[in-house]
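Here the structure is laid out as structure tokens; the discussion comes afterwards.
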Amino acid sequence: MSEMDLEAARAALRAHTPAALLELPEGHWLDAKTAPYELRDPHGVEELAKDVAAFANGGGGIIVVGIATRLEHGREILDKVSTVDRVSVDLDQWRKLIRQHITPAPRGTSVEWSDDRQGACVLYIDIPAQDPGCLFVVAAPVGKKGARRTDTVAVPVREADGTHWLPRTELQRLLSNGVAASGMPTAQALAELLRKAVAQRQPEAGPQIGQGLPSRQQEIREAYEQLRTTGLGRPIGEAYARGPAAIQEFTGGEGQPGWVLCVVGGRAPVAVSQPVWQAIRAAGQDRAGGHPLAVIGYPVPGADQAGRNDPWAVAPDARSVDLDGGSWGAGQLVRSGRDVWRWDPAERLGFVMSRYSRNWTAQQPAPQLRLRALVTWPWADTAGLQISPSRRQDLERALPYSTLAGAVTILSRRRGAELPAAYWDRGPGRNTPTAVSYTSTITAPDDRRAVLRSGHDVSGGHGGHLCRHPHRRRLRLGCPAPAQCGNAVGPR
């Protein structure tokens, strides 16, 4: 890696040898941009002012435009000259915007070209060291990006290879200290307080954002910036990969639980409160399929947020979280009133025909209607599963309003009737801790029997299953024994 200090870099650019900066790492005095700031966009002007003010507050430095970087061991390394078209940049406009948007305007700042006569051409902004007693501020970004306000200011500071805002909590602390010491501070006293804060603010020891996953570090950094207002603090450990997800844990606010940042390619990043994250892991722990997340899946926006592509968060008091991408398929982790989490699979409708469709019944003639429902348990071993009395009561309450009951009403509407499956009785099959059987008689408007529907579910060590044997005037759900059922479906 090249060894060069700020003065040597300045000399190389003035000598029109920009390639001499290649292999240098970005740092507190050097920043590289592949392409020029988009100054037609107010947000681009805001970024230009923020970057220049940060170097002015940090002892000076250089911003080089036209050199691409690569990520290496967690650091951005100047990699190759990408060249800037001189026609696309108005140097006078850049100088004017810097003077207009930074208060006070940094002394001696220059914007110049540097080319090597072999086609490599870069633009650089040279910010010399400023008066130690002067603090440089810009209009704080408020509301829509690029919107300016004259009654607010922010202090950009340079940390390692990044530019960040001095945190609001730090500004509040400094103001409080100044007021407590001498009443409302003068502009000079406030500037001195902020100057000390900027000078003392050094990168904290410990893991950095994205450290541990060099190939995804930039992706994690961007996700962190988008979600930091949620309350994400410092990294607790290095980032790690679990399947398609890049994951890193962070501290929370004072007295608040920590956060887990989860970034899955092609999805909006999500910050999950640590207690909820632990519930997700616990729900998929010790199940067939490997790591808990590979089994239960990763957080996804719920039905009320379907299609969203902006970052989102799962708060500590969340009552449910939707999951997908695991071997169990789509589902939802739901918290009960007693803070007990339960995973519920998402119901899905399909029209897949298999060879078993020919073996549902031996009755002749063949039934005119065939309707089946399959339930696939996500566990390989169901020997310990039982139907508790409370869950049986839940089933009895839910049957009249179930999707299956609704199917009868929908079918009857096509014949001009309204035939609900509103009443269910136990039987004709057995009802035990491992089996349920319910029957609903569907009557026509003249009280004649239209369809007899019966439901029968048998669970066993081979995996639970649910099937239906329909008849011309009888629609039967289930079968006498799983071993005799050609429609039984084993664990997924």
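Position 1 is the first residue of the sequence; numbering continues from there.
When the side chain to side chain contact (heavy atoms under 4.5 Å, CB included) test is applied to Pro275, the partners found at least two apart in sequence or on another chain are Pro257, Ser273. Arg267 pairs by the salt bridge (charged side-chain N to carboxylate O under 4.0 Å, His left out) definition with nothing, not counting sequence neighbours. With sequence neighbours excluded, the residues satisfying salt bridge (charged side-chain N to carboxylate O under 4.0 Å, His left out) with Arg426 are Glu396. The side chain to side chain contact (heavy atoms under 4.5 Å, CB included) search around Arg40 returns Glu38, not counting sequence neighbours. Ser390 is linked by a side-chain hydrogen bond (donor to acceptor under 3.5 Å, both in side chains) to Ser388, counting only residues two or more places apart in sequence or in another chain. Not counting sequence neighbours, Glu238 has no partner by the salt bridge (charged side-chain N to carboxylate O under 4.0 Å, His left out) test. Applying the side-chain hydrogen bond (donor to acceptor under 3.5 Å, both in side chains) rule to Tyr224 yields no partners; only residues at least two apart in sequence or on another chain are considered. Taking Asp394 as the reference, Arg391, Arg397 meet the side chain to side chain contact (heavy atoms under 4.5 Å, CB included) condition, with sequence neighbours excluded. Applying the side chain to side chain contact (heavy atoms under 4.5 Å, CB included) rule to Asp317 yields the partners Ala315; only residues at least two apart in sequence or on another chain are considered. Applying the side-chain hydrogen bond (donor to acceptor under 3.5 Å, both in side chains) test to Ser412 and every residue at least two apart in sequence or in another chain returns nothing. Looking at residues two or more places apart in sequence or on another chain, you find a side-chain hydrogen bond (donor to acceptor under 3.5 Å, both in side chains) between Thr432 and Arg430, Thr434. Shown here are the salt bridge (charged side-chain N to carboxylate O under 4.0 Å, His left out) partners of Arg281, two or more places apart in sequence or in another chain: there are none.
Taking CH2 of Trp341 as the reference point, atom OG of Ser320 lies at 7.0 Å (rounded to 0.5 Å). The distance from the CG atom of Leu78 to the CG atom of Asp31 is 9.0 Å, given to the nearest 0.5 Å. Going from atom CD of Glu249 over to atom CH2 of Trp259 covers 13.5 Å, rounded to the nearest 0.5 Å. Taken from CD in Gln208 to CD in Gln248, the straight-line distance is 9.5 Å, to the nearest 0.5 Å. Here CG of Leu227 is found 6.5 Å from CG of Leu261. Values are rounded to the nearest 0.5 Å.
Salt bridge status for Arg75 with Glu72: absent, with no side-chain N to carboxylate O gap under 4.0 Å. Between Glu76 and Arg70, none of the side-chain N atoms (NZ, or NE/NH1/NH2) sits under 4.0 Å from a carboxylate O, so this pair counts as no salt bridge. A salt bridge is defined here as a Lys NZ or Arg NE, NH1 or NH2 lying under 4.0 Å from an Asp or Glu carboxylate O, and Glu222 with Arg216 fails to meet this definition.
In this structure a side-chain-to-backbone donor-acceptor pair under 3.5 Å is missing from Thr69 to Asp79. The closest donor-acceptor contact from the side chain of Asn431 to the backbone of Ser437 lies under 3.5 Å.
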Worksheet entry | Test log, rule side-chain hydrogen bond (donor to acceptor under 3.5 Å, both in side chains), inputs Gln278 and Gln274 | CA-CA 6 Å; Gln278 292 305 320; Gln274 189 67 247; 2.8 Å; yes
